[in-house]
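Notes to accompany the following structure.
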Number of protein chains: 2
Amino acid sequence: MPSSQDQTPGPVDPSRRRRPTLTDVAAMAGVSVSTVSRALDGNPRIPGETRQKVVEAATALGFRRNISARSLRTQSSMLVGVVVPDIAIAFYATVLKAAQNVLEAAGYQVVVMNTERDAQHETVALRTLQDRQVDGLLVATSGGYVPDRGPVVFFDHVIPDTGLGYVSPDNAGGMTTLVEHLAVVHGHTRIAFLGVPPGPTARTQRMEHAPATERLEAFRNVMGARRLPVPPEYLAYGDHEWTEASAQQAVAELMRVAEPPTAIIAAGDTLALGALRQLRADQYKVGTDIALVSFDDPVSSDLLDPPMTALRRHDRELGEISARMLLDALEGRKSGVAPKTEHPTETRVPLDLIVRRSCGCAPETPESEPPP
Amino acid sequence: MPSSQDQTPGPVDPSRRRRPTLTDVAAMAGVSVSTVSRALDGNPRIPGETRQKVVEAATALGFRRNISARSLRTQSSMLVGVVVPDIAIAFYATVLKAAQNVLEAAGYQVVVMNTERDAQHETVALRTLQDRQVDGLLVATSGGYVPDRGPVVFFDHVIPDTGLGYVSPDNAGGMTTLVEHLAVVHGHTRIAFLGVPPGPTARTQRMEHAPATERLEAFRNVMGARRLPVPPEYLAYGDHEWTEASAQQAVAELMRVAEPPTAIIAAGDTLALGALRQLRADQYKVGTDIALVSFDDPVSSDLLDPPMTALRRHDRELGEISARMLLDALEGRKSGVAPKTEHPTETRVPLDLIVRRSCGCAPETPESEPPP
DNA sequence: AACCTCGGTGCAAAGGTTTGCGCACTCTGA
DNA sequence: TCAGAGTGCGCAAACCTTTGCACCGAGGTT
């Protein structure tokens with residue numbers, strides 16, 4: 001079996017000694033290192049002919065710039081840090097990927113860090129990233145230390161009134177949609193909310209604008225606006241990790257109250273899944289005995305039993321917007337024009353209601369839904 | 001609202017001029033930069049007292065090492081590159097996260113790149129990573145350029161017989177489990193395979209040991225071993241991206257053959273989901289009219305209609321093993337002992353069969369399954 | 001003919017850290 | 001008193017690139 005060598009495209013330094021440096025290229029091309037550097041930059045001061053020579057020498061040697069050296073000199077790493085609670089959660093992974101696409105097109109690479117929803121973790125993550133001299137930050141904060149150095153944009157958990165940019169799902173709008181659907185289309189009045197506990201914990205601080213909090217507030221507001229009661233026992237909470245198990249537990253209790261709700265709004269997809277599991281275990285016929293809708297669309301939720309009515313987020317779009325916002329900041333900073341706030345710095349991206357069956361809606365062309 | 005400043009723990013350079021350097025610390029502590037460097041390294045040559053002074057000065061100044069400079073000097077970036085087809089796919093995200101945990105514990109950070117299942121993309125990703133001087137690589141290759149410089153371990157798609165380490169799911173064993181269950185427990189003889197086309201495409205090369213290929217081969221082998229027929233029309237293929245839509249299409253055709261299969265094995269979770277969607281659209285009662293089992297467990301597959309029988313991978317374990325294997329290589333290299341092959345360099349991690357209903361098994365304690 | 005301009009290029013410094021080498025000093029034992 | 005062995009620490013090179021400044025020669029201007 002041949003070595004993998006035979007496949008690598010382009011010329012490669014045959015003497016496996018040492019990566020060639022600018023000096024080597026300069027020697028081969030018969031010019032100075034500065035000329036090589038400039039030629040490779042596409043600097044217009046270097047005429048085509050010289051550039052030609054340089055490029056030839058460079059490719060002949062298989063020359064690649066040493067990024068550490070460059071970073072040291074330019075004080076810029078072309079690295080963007082992304083910090084998320086948990087990259088294994090579909091939302092964060094999708095946002096990351098989308099953001100990454102636009103960032104890479106601009107020449108940046110991405111380093112990820114997980115905070116495990118822990119402010120401490122987040123603090124060290126952010127510090128590590130600073131040590132790395134990342135040029136910018138994309139963060140779904142867990143409520144910890146907020147960086148005050150360098151361009152940063154938040155997504156998911158939001159930090160308003162601080163001048164720092166953010167883009168986040170339209171939690172208020174989405175919740176309104178959900179409540180309206182339940183209340184006006186289906187006539188529910190006993191609507192419960194299944195979320196995670198509001199307020200800070202030992203592991204997190206500053207939760208005022210966490211998605212969970214925003215959704216709960218919005219729920220209260222629109223219920224209030226419709227003169228619908230929100231008795232405390234209709235507020236069910238899972239745990240801070242949004243686990244299915246905790247939701248299951250919470251729903252079990254919720255359904256044991258004297259006058260159980262006729263509809264449940266789950267504040268997230270995992271919560272909705274937990275709720276569904278528990279309701280099924282308790283022999284409820286979801287969609288007829290009780291309505292269940294979800295903020296955030298679980299994957300393949302059209303195949304669930306019953307198919308779940310939910311809000312679809314535009315995760316990819318959100319990631320792209322965030323990245324572009326960051327790129328703007330990066331560019332602005334580079335060209336020295338700091339407060340060039342021409343682009344909007346706070347964005348909410350809307351959510352779409354996907355009506356399926358768990359809310360009680362009739363099965364219209366049940367299987368026609370195209371896959372994601 | 002106060003600035004975020006009030007939260008940052010530890011002292012911070014109050015004069016926002018410039019990050020302090022070794023020189024600054026040295027000046028403050030009244031020693032030379034080399035001493036500072038060594039003291040901060042915990043070098044035993046520096047006695048406790050001196051170290052004390054240095055550490056105090058460093059923290060007073062809020063000193064943090066400049067990683068670019070260090071990388072330049074040491075020729076090591078403490079960066080590990082992870083390349084995957086698509087980070088938004090749960091498997092890769094989970095593996096990444098697990099690997100990340102062990103890597104970070106060892107002081108490495110992680111930079112991710114997506115290849116979009118395209119050999120070209122992969123090649124440039126790998127090159128970019130090399131430019132970054134990553135110390136090691138964790139790659140789920142899309143069949144492109146194989147790096148021959150520096151420690152690398154593969155997962156998922158495997159490169160055998162090359163001395164390069166890998167850890168990958170036990171595709172053969174898993175497929176055996178699946179076929180046996182269908183054939184001996186349920187007595188099926190007309191078993192179809194739903195996979196993705198084997199062999200290279202324009203976008204990928206060297207697919208011999210891609211998971212899809214391994215699974216197909218295994219299917220053929222165990223069917224053969226059991227003297228079960230594998231007519232060509234029982235081999236259905238989606239597309240190379242494993243999309244649900246393509247699986248749907250393939251299954252639609254599969255069920256139109258003269259003598260349709262009584263059981264289908266889907267080679268991946270998305271494929272299984274597509275199959276399920278199509279079978280439901282075609283009014284089959286999955287689990288009674290026809291059996292469907294899946295390699296790879298779809299998320300919340302116990303809530304599907306019907307709950308899906310599937311193979312559960314130990315993704316986190318796989319990620320951790322890969323990372324540890326890489327770490328071993330990194331250490332070995334650092335201490336100069338290159339071929340110190342004390343640890344196994346090729347590992348297969350087993351899969352567990354989760355019996356649910358789509359295979360035709362009876363509903364035993366249907367809702368008792370604990371959430372993931 | 002003296003002066004300017006300007007395109008093209010090179011010199012050398014700067015960026016911050018690590019580390020081989022060796023200096024200066026203090027003990028110990030003869 | 002001195003050789004020899006530690007001990008504690010500093011010097012300076014090396015890592016590689018970018019970039020301000022200056023130089024040089026050619027062509028144009030006055």
Side-chain angles (χ1 to χ4, degrees), chain A residues 13 17-55 57-58 61-79 107 130-133 135 334 336, chain B residues 13 17-55 57-58 61-79 107 130-135 334-336:
Chain A
D13 180 5
R17 312 170 57 81
R18 177 177 67 84
R19 284 179 65 148
T21 74
L22 270 190
T23 316
D24 302 322
V25 179
M28 183 167 201
V31 295
S32 73
V33 294
S34 14
T35 301
V36 176
S37 178
R38 285 193 262 254
L40 263 23
D41 277 354
N43 187 319
R45 285 175 62 184
I46 307 295
E49 201 181 347
T50 310
R51 180 185 347 255
Q52 185 74 7
K53 270 194 316 197
V54 169
V55 169
L61 256 30
F63 170 76
R64 315 240 72 213
R65 278 160 151 78
N66 180 319
I67 299 200
S68 302
R70 168 200 282 251
S71 299
L72 177 59
R73 182 64 233 254
T74 62
Q75 308 284 25
S76 142
S77 60
M78 294 307 277
L79 234 34
Q130 263 190 203
D131 287 358
R132 278 259 173 238
Q133 326 263 113
D135 292 344
K334 199 182 301 175
Chain B
D13 181 3
R17 310 171 57 82
R18 178 176 68 83
R19 286 179 63 148
T21 74
L22 270 190
T23 316
D24 301 323
V25 180
M28 183 164 201
V31 297
S32 75
V33 295
S34 17
T35 300
V36 176
S37 177
R38 286 192 261 255
L40 264 22
D41 277 354
N43 186 317
R45 283 178 61 185
I46 307 296
E49 200 181 348
T50 311
R51 182 190 340 257
Q52 185 75 7
K53 271 193 316 196
V54 169
V55 169
L61 256 30
F63 170 76
R64 314 240 72 212
R65 284 197 228 266
N66 180 319
I67 299 200
S68 302
R70 168 200 285 251
S71 300
L72 176 59
R73 181 62 232 256
T74 62
Q75 309 284 27
S76 141
S77 59
M78 295 307 277
L79 235 34
Q130 262 190 207
D131 287 358
R132 277 264 172 234
Q133 326 262 115
V134 295
D135 292 345
K334 199 183 300 174
S335 54

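Keep in mind the model is a prediction, meaning the values are calculated, not measured. Naming convention: chains lettered A, B, ... in sequence-line order (proteins, then strands); numbering from 1 in each chain.
For B:Q75, a side-chain nitrogen or oxygen approaches OP1 or OP2 of D:dC16 to under 4.0 Å. Between A:R70 and D:dT18, a side-chain N or O to OP1/OP2 separation shorter than 4.0 Å is present.
Contacts of residues 30-41 of chain A with DNA chain D (heavy atom under 4.0 Å): A:S34, A:S37, A:R38.
The B:L22 side chain lies nearest to C:dT17 when the options are C:dT17, D:dT17, C:dG16. Comparing atom distances between the A:A69 side chain and each of C:dT17, D:dC16, D:dG8 picks out D:dC16 as nearest.
Atom C1' of nucleotide D:dT17 and atom CD1 of A:I67 are separated by 12 Å, given to the nearest angstrom. Between the CD atom of B:Q133 and the P atom of D:dT17 there is a distance of 9 Å, given to the nearest Å. We find that CG of A:D24 is positioned 9 Å from P of D:dC16, with the value rounded to whole Å. If you measure from atom CZ of B:F63 to atom C1' of C:dT17, you get 8 Å, rounded to the nearest angstrom. D:dC16 atom P lies 13 Å from atom CG of A:L61, rounded to whole Å. When the C1' atom of D:dT18 is taken as reference, atom CZ of A:R73 falls 5 Å away, rounded to whole Å. The separation between A:L72 atom CG and C:dA13 atom C1' is 13 Å, rounded to whole Å. Rounded to a whole Å, the CG atom of A:N43 is 11 Å from the C1' atom of C:dG8.
Using a 4.0 Å heavy-atom distance criterion, B:T50 is classed as a sugar-phosphate-only contact.
Listed by chain and number, the residues in a salt bridge (Lys or Arg N to Asp or Glu O under 4.0 Å) with B:D131 are A:R19, A:R64 (sequence neighbours excluded).
Residue order along DNA chain D, read from the 5' end via each residue's closest nucleotide, puts B:I46 first among B:I46 and A:N66.
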